[in-house]
Each structure stands twice: as C-alpha cells, then as structure tokens.
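All values below come from the heavy atoms of this structure, side chains included, with hydrogens, waters and symmetry mates left out. Note that this is a predicted model, so its numbers are computed, not measured.
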Amino acid sequence: ALEKILKAVVRAQTKQRAPYTHSLRALMRIIKDPLVPEGIADKVLRADVHYGGSRYPEAGMALDGYVRELVAEIVADMEEAFQWCLARLK
C-alpha cells in the first residue's frame, strides 16, 4: 500500500506517470515537498530495506531476525508514512 500511495503522490505532484519501480527510496527522491518531515523520510527508507525482501522472497532474505516487536515497529512506520502521503493527496 505504501508503494502505491507514494506513486499517487508522485503522480499528483508531477502530473506524469510514476516510474516503474518498487523502490520506495526512489519514489521519495521524486517527491518534491519541502515540508517532508525528516522522520517520515526516515520511516520510508527504513521500510524500503524490508520491503524488497518481502516482495522478492527468492532473493533469500533471512527472516530469522523478524520478531513481533520489530515487525510492529515497521508496520507502525509504514502506517505513519501512509497517513502523511494521504494528507498530501487531499
């Protein structure tokens, strides 16, 4: 969901199709909102580290370190970033 809403923000700002990428980091670089809180950018970049492995399981990302607390933090970060993006679209 975060990838899709980041693409929606890119589309809204640039009036062009968002690039064909699954990189949350690349999408954040395109968003030209001078008011992007540093915390939101950090949350998206943190989510990007985990996003690729879940999207491409054949890449062999080790899942051993994913304890409930870490997953809860990642999901909370993604939800906060999602809400920030949603506010940009209103």
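- Looking at heavy atoms from C-beta onward, Leu45 lies out of side-chain contact with Leu24 at the 4.5 angstrom threshold.
- Contact check for Leu89 versus Ile5: side-chain heavy atoms found under the 4.5 Å cut-off.
- Residues Asp42 and Pro37 have side chains not in contact (no heavy-atom distance under 4.5 Å, counting atoms from C-beta outward).
- Taken from NE2 in His22 to CG in Leu27, the straight-line distance is 10.0 Å, to the nearest 0.5 Å.
- Here the closest heavy-atom approach between residue Ile30 and residue Pro19 is recorded as CD1-CG, 3.6 Å.
- Both Val44 and Val71 sit in one connected hydrophobic cluster of ILVMFWY residues. Membership requires side-chain heavy atoms under 4.5 Å apart, directly or through other members.
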* Asked: For Lys7 and Arg11, what are the C-alpha separation, side-chain angles and deciding distance, and is it a side chain to side chain contact (heavy atoms under 4.5 Å, CB included)?
  -> CA-CA 6 Å; Lys7 286 183 176 186; Arg11 171 85 172 134; over 6 Å; no
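- Transitive grouping of hydrophobic side chains (ILVMFWY, heavy atoms separated by less than 4.5 Å) brings Leu2 and Leu86 into a common cluster.
- Going from atom CD of Glu80 over to atom CH2 of Trp84 covers 11.5 Å, rounded to the nearest 0.5 Å.
- Put simply, the side chain of Val36 reaches to within 4.5 Å of the side chain of Met28, judged on heavy atoms.
- Across every non-hydrogen atom of Leu70 and Arg46, the tightest pair is CD1-NH2, 3.4 Å.
- Between atom NZ of residue Lys4 and atom CG of residue Leu6 there is a gap of 11.0 Å, rounded to the nearest 0.5 Å.
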